[in-house]
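Below is one structure, written out as structure tokens, with a few remarks after it.
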Amino acid sequence: MLLNIKNLTKRFGGLTAVSKVTFGIERGEIIGIFGPNGSGKTTTLSLIAGILKPSSGEIIWKDHDISALTPFQVAQQGLVKTFQNPQLFPELTVAEHMRIACHLHVKRALGVGRLRTLFGKSMTGDLENTLTRKIDQMLELCRLYKHRNDEAGALSYGGEKMLGVAMGMVCDPELLLLDEPASGLGHDEISNLDAVLRDLRTHGVTLCIIDHKVGFLGRLADRSIALHHGAIIASGTTADVLANDAVVTAYLGKKHA
Ligand SMILES: Nc1ncnc2c1ncn2[C@@H]1O[C@H](COP(=O)(O)OP(=O)(O)OP(=O)(O)O)[C@@H](O)[C@H]1O
Ligand SMILES: [Mg+2]
């Protein structure tokens with residue numbers, strides 16, 4: 001098992017946002033996380049990525065508990081999370097955003113946090129070439145290469161979200177955690193996203209994806225869990241989870257289910 005979550009719990013004061021969540025992810029899988037608004041999906045991924053600290057429970061990554069690590073250390077271990085809304089700099093280009101996301105590589109290569117080296121001349125030719133190649137490759141993979149010199153402010157919303165995915169990918173994740181990558185996208189953008197995510201899997205990346213779009217994630221995810229009030233109410237094949245009575249009721253309410 002690549003990732004093993006055991007009894008993961010997060011309390012915010014009197015509110016239990018995530019309650020004794022237990023599940024595992026195997027290498028190469030695409031795992032879906034469903035659940036109505038406020039059911040604890042984002043909190044669960046933020047706990048895994050080290051952005052939030054659990055109140056209790058374990059997050060075991062390749063046999064080691066990573067629940068005390070910082071987000072940067074977690075990313076170094078190969079777990080990277082994208083955000084529901086990527087916070088981009090409108091005046092920086094797509095390629096410049098990718099350079100910022102590369103600072104993990106630079107840190108690894110140089111052993112220090114010299115962000116300046118990303119834009120300055122102090123980077124060695126080898127490192128410069130490696131980063132440029134990597135950035136181009138990821139932009140190709142995410143269908144953004146033709147936009148590499150466009151300012152982020154000129155991208156469509158789908159393009160912005162895709163840049164968020166590409167920035168995550170340039171950190172070389174083994175497991176990419178995606179928070180609602182399809183929300184706000186039109187039909188064609190969703191088809192594009194679907195194709196990109198399948199390509200990422202082919203490139204060996206394991207994916208864990210939150211989304212409300214049953215058509216999109218229902219087709220994509222091999223297995224899924226469904227959360228309600230912070231607890232898992234169903235898990236198994238995605239088709240079974242989506243047909244589960246408790247899941248349908250959680251989404252639609254008793255009356256409509
Ligand atoms: N930092 C925080 N402080 C206090 N409460 C929080 C915090 N973050 C989340 N919550 C609460 O925890 C619960 C779960 O929130 P979370 O964002 O994980 O839900 P979600 O399933 O991602 O919802 P959505 O589908 O709307 O994105 C909600 O009741 C939310 O208000
Ligand atoms: Mg959320």
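Read the numbers this way: they start at 1 and go in the same order the structure lists the ligands and their atoms. In this text the structure is predicted, and so the values were computed from the model without any measurement.
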**Prompt:** For residues 2-18, which residue pairs qualify under side chain to side chain donor-acceptor pair (under 3.5 Å), counting only residues two or more places apart or in two chains?
**Reply:** none

**Prompt:** Do the charged groups of Asp172 and Lys134 touch, with an N to O distance under 4.0 Å?
**Reply:** yes

**Prompt:** With a 4.0 Å cut-off, would you call Lys62 and Glu174 a salt bridge?
**Reply:** yes

**Item:** Side-chain H-bond candidate by donor/acceptor type, Thr82 with Lys161, under 3.5 Å
**Value:** no

**Request:** Start with the C-alpha gap between Leu92 and Ile100, add the side-chain angles, then the distance that decides, and say whether side-chain contact (heavy atoms from CB on, under 4.5 Å) holds.
**Result:** CA-CA 10 Å; Leu92 291 188; Ile100 293 171; 3.7 Å; yes

**Request:** Write down, by chain and number, every protein residue that brings a non-hydrogen atom to less than 4.0 Å from an atom of ligand 1.
**Result:** Phe12, Leu15, Ala17, Pro36, Asn37, Gly38, Ser39, Gly40, Lys41, Thr42, Thr43, Gln84, Glu180, His212

**Message:** Which Ile, Leu, Val, Met, Phe, Trp or Tyr residues join Ile60 in one cluster when any pair of side-chain heavy atoms under 4.5 Å counts as a link?
**Reply:** none

**Prompt:** Tally of protein N/O/S atoms under 2.8 Å from the Mg ion (ligand 2)?
**Reply:** 1

**Message:** Quick check: do Asp222 and Arg201 have side-chain heavy atoms less than 4.5 Å from each other?
**Reply:** yes

**Message:** For a side-chain contact (heavy atoms from CB on, under 4.5 Å) check, start with the C-alpha distance between Trp61 and Val74, then their side-chain angles and the critical distance, and finish with the verdict.
**Reply:** CA-CA 9 Å; Trp61 172 252; Val74 173; over 6 Å; no

**Prompt:** Take atom NZ in Lys20; do more than 12 heavy atoms of anything else shown fall under 6.0 Å from it?
**Reply:** no

